[in-house]
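Here the structure comes first, spelled out in structure tokens, and everything after it is commentary.
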Number of protein chains: 2
Amino acid sequence: MQTNDEQTFLEHYDKQAYDAPLVTVDPVLFTYHAEQLKVLLVQRSSHPDRQMWGLPGGFVDLQHDATLEDTALRKLREKTGVTPPYLEQLHTFGNATRDKRSWSVTVCYTALIAHQECAAHIATVMDARWVSMQQLEMLPLAFDHGMIIGHARERLRQKALYSIVPAYALPEKFTLPELQQLHEILLGMPLQKKSFRRRIEQAELLEDSGEKRADSGGRPATLYRMKAGSGAHTFLRNLSGATETEE
Amino acid sequence: MQTNDEQTFLEHYDKQAYDAPLVTVDPVLFTYHAEQLKVLLVQRSSHPDRQMWGLPGGFVDLQHDATLEDTALRKLREKTGVTPPYLEQLHTFGNATRDKRSWSVTVCYTALIAHQECAAHIATVMDARWVSMQQLEMLPLAFDHGMIIGHARERLRQKALYSIVPAYALPEKFTLPELQQLHEILLGMPLQKKSFRRRIEQAELLEDSGEKRADSGGRPATLYRMKAGSGAHTFLRNLSGATETEE
DNA sequence: TTGATAAGTGACTTATAGACACAAAAAGGA
DNA sequence: TCCTTTTTGTGTCTATAAGTCACTTATCAA
């Protein structure tokens, strides 16, 4: 290689690197199982932070992804085999230091799915697993993924105050006590049964499936499902303690 | 240059181009002046959409910007000469078609500033101006910037329901009737004077500056300022009509 | 049949927003 | 000086929704 050519090459390469930070998409997929909130992590197979656990994200594929959502859904399908019913952009983190390789930008999403929807697929692979919020505290994560999950967790908490978005982490049909328990875990406080039911009835976002379920002794609970059309992200009214700060 | 090296170089270069969409930062800077909400636009000096008006954004400068916020603030300082007191990430838009040149990602911010803070500086340059929401409808914008401003506008409307963030579009000292008028414009509906004042008092986010101002006949209004520390993004309680949908 | 258990409701209390009349503080003119 | 006009700011009643908690309903198991 001649010196001149190398010079040109480096200039060219540097210019490219100058204009374009690395761009990745990192979905934070939550589910609810065994009375715990869990997040999907994968074990990195490549540099940097090889072998460490992190979010199931990756680079935008300019050839096949038409949008950033496509990238998020593609990465989630690769790991879970299915498309989650809820996906919403969380925040974009970008700075010079979060990735050793270069200035790096990651567009993050919050996603929710029923545990049973992908439990089978995940059980077949060794490099992906559900990690509970409790386990998460002990597990060092790649890059700034721990911080990102913290943000997603906090956003989900806000959703629990004002919406029934968390219901997407439950199966298609679920009971109100199940949903209330999930909200209580997200909010870290007990909720009044009556207030909770009242808010959800008023919002008219759920419909009676006609079925009931009795887990073990006690009156059977009505199974509800999301009403088609009107999104579960519709605002509910205030819940006690809602007078806090935004994300 | 040897074939092998060129091969390696191209692979490297292609991979780089393959992995990296264009990354820009686009701040939507609002202000309030003459009873109108206005947004800062600049006239593009380069391809594509040359001569058209658009958001005062640009590429991330990997050498000088440590974070995405740095990029947003740098671009705003270039056009206004000052640093806005409020800057919050809005949303990231990325797809294959929004920029003719390439797959493109833009990280957007909502920013607010008092009109007087930068009116002088803007008046000196020909390629930047404040455009009212009304004027905006007639003006074709570069890229998808019209859609982005629409999203920012809608987010600001939500803020007006739950917070006093819009106060950052006012001077340091302002009266409650002024703030209420701004909120009414953002929400597109009249507000009850008593309810509005009560919510703001309860939030304890403003403090009496001790001064008063009488614009024209009538009782002089108390001038308030933001309390240091506690951000104005703290949630207020519900306002009628709040049972709508999130952004 | 009876007790245990969990789902779901009735009804009262409390808190906050809506509505609107009224008081307070200035300007200006006769 | 005093009265009118104008705008800011408050008092207070009403309406609505959330908090509380006892009570009813529906099922299982002994």
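Within every chain, numbering begins at 1; the chains are lettered A, B, ... in the order of the sequence lines, protein sequences first and strands thereafter. All values below were derived from every heavy atom in this structure, side-chain atoms included, with hydrogens, water molecules and symmetry-related copies excluded.
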Query raised in the report: Whole-Å distance between C/dA25 C1' and B/Arg213 CZ?
Result: 16 Å
Query raised in the report: Rounding to a whole Å, what distance do you find between B/Arg199:CZ and D/dG9:C1'?
Result: 18 Å
Query raised in the report: Quick one: on DNA chain D, does A/Pro220 or B/Ala221 contact a more 5' nucleotide (nearest heavy atom)?
Result: B/Ala221
Query raised in the report: Can you tell me how far C1' of D/dT8 sits from OH of B/Tyr224, to the nearest Å?
Result: 10 Å
**Report entry** B/Thr222 and B/Lys212: CA distance, side-chain angles, deciding distance, side chain to side chain donor-acceptor pair (under 3.5 Å) verdict
**Finding:** CA-CA 4 Å; B/Thr222 303; B/Lys212 307 255 178 199; 3.0 Å; yes
Report task. Give B/Thr175 one of three labels, base, sugar-phosphate or nothing, depending on what nucleic acid heavy atoms sit under 4.0 Å from its own. Result -> nothing
Query raised in the report: With distance as the sole criterion, do the side chain of A/Arg198 and the base of C/dG8 form a donor-acceptor contact below 3.5 Å?
Result: no
Query raised in the report: Looking at A/Lys173 and A/Glu178, does any basic side-chain N land under 4.0 Å from a carboxylate oxygen?
Result: no
Query raised in the report: Considering only heavy atoms and no angle criterion, is a donor-acceptor pair shorter than 3.5 Å present between the side chain of A/Arg219 and the base of D/dT27?
Result: no
Query raised in the report: Looking for any heavy atom pair under 4.0 Å, which part of the strands does B/Lys194 touch: base, sugar-phosphate only, or nothing?
Result: base
Query - Below 4.0 Å: OP1/OP2 of D/dT20 and any side-chain N or O of A/Gln192 - result: yes
Requested in this report: Kindly say if B/Thr222 contacts the phosphate of D/dT8, meaning a side-chain N or O under 4.0 Å from OP1 or OP2.
Outcome: no
Query raised in the report: B/Leu176 or B/Gly218: which one's nearest nucleotide on DNA chain D is closer to the 5' end?
Result: B/Gly218
Report summary line: When rounded to whole Å, the CZ to P distance for the pair A/Phe196 and D/dT20 reads 16 Å
Query raised in the report: OP1 or OP2 of D/dA18 sitting under 4.0 Å from any side-chain N/O of A/Gln202?
Result: yes
Query raised in the report: Rounded to whole angstroms, how far apart are CZ on B/Arg197 and C1' on C/dC20?
Result: 16 Å
Report task. Let me see the working for A/His115 and A/Tyr32 under ring pair (Phe, Tyr, Trp, His ring centres under 6.0 Å), right down to the final yes or no. Result -> CA-CA 6 Å; A/His115 185 261; A/Tyr32 180 62; 9.8 Å; no
Query raised in the report: Salt bridge or not for B/Lys227 and B/Glu207, using N-O below 4.0 Å?
Result: no
Query raised in the report: In whole angstroms, how far is the P atom of D/dG19 from the CD atom of A/Gln180?
Result: 11 Å
Query raised in the report: Taking atom P of C/dA17 as reference, at what distance in whole Å does atom OH of B/Tyr162 sit?
Result: 12 Å
Report task. Select base, sugar-phosphate, or nothing to describe what A/Lys212 touches, counting heavy atoms under 4.0 Å on all strands. Result -> nothing
Query raised in the report: Counting side-chain heavy atoms from CB outward, which of C/dG8, D/dA18, C/dA17 is closest to B/Ser195?
Result: C/dA17
Report summary line: When rounded to whole Å, the CD to P distance for the pair A/Glu201 and C/dT9 reads 6 Å
Query - Basic-acidic side-chain contact under 4.0 Å: B/Arg225, B/Asp208 - result: no
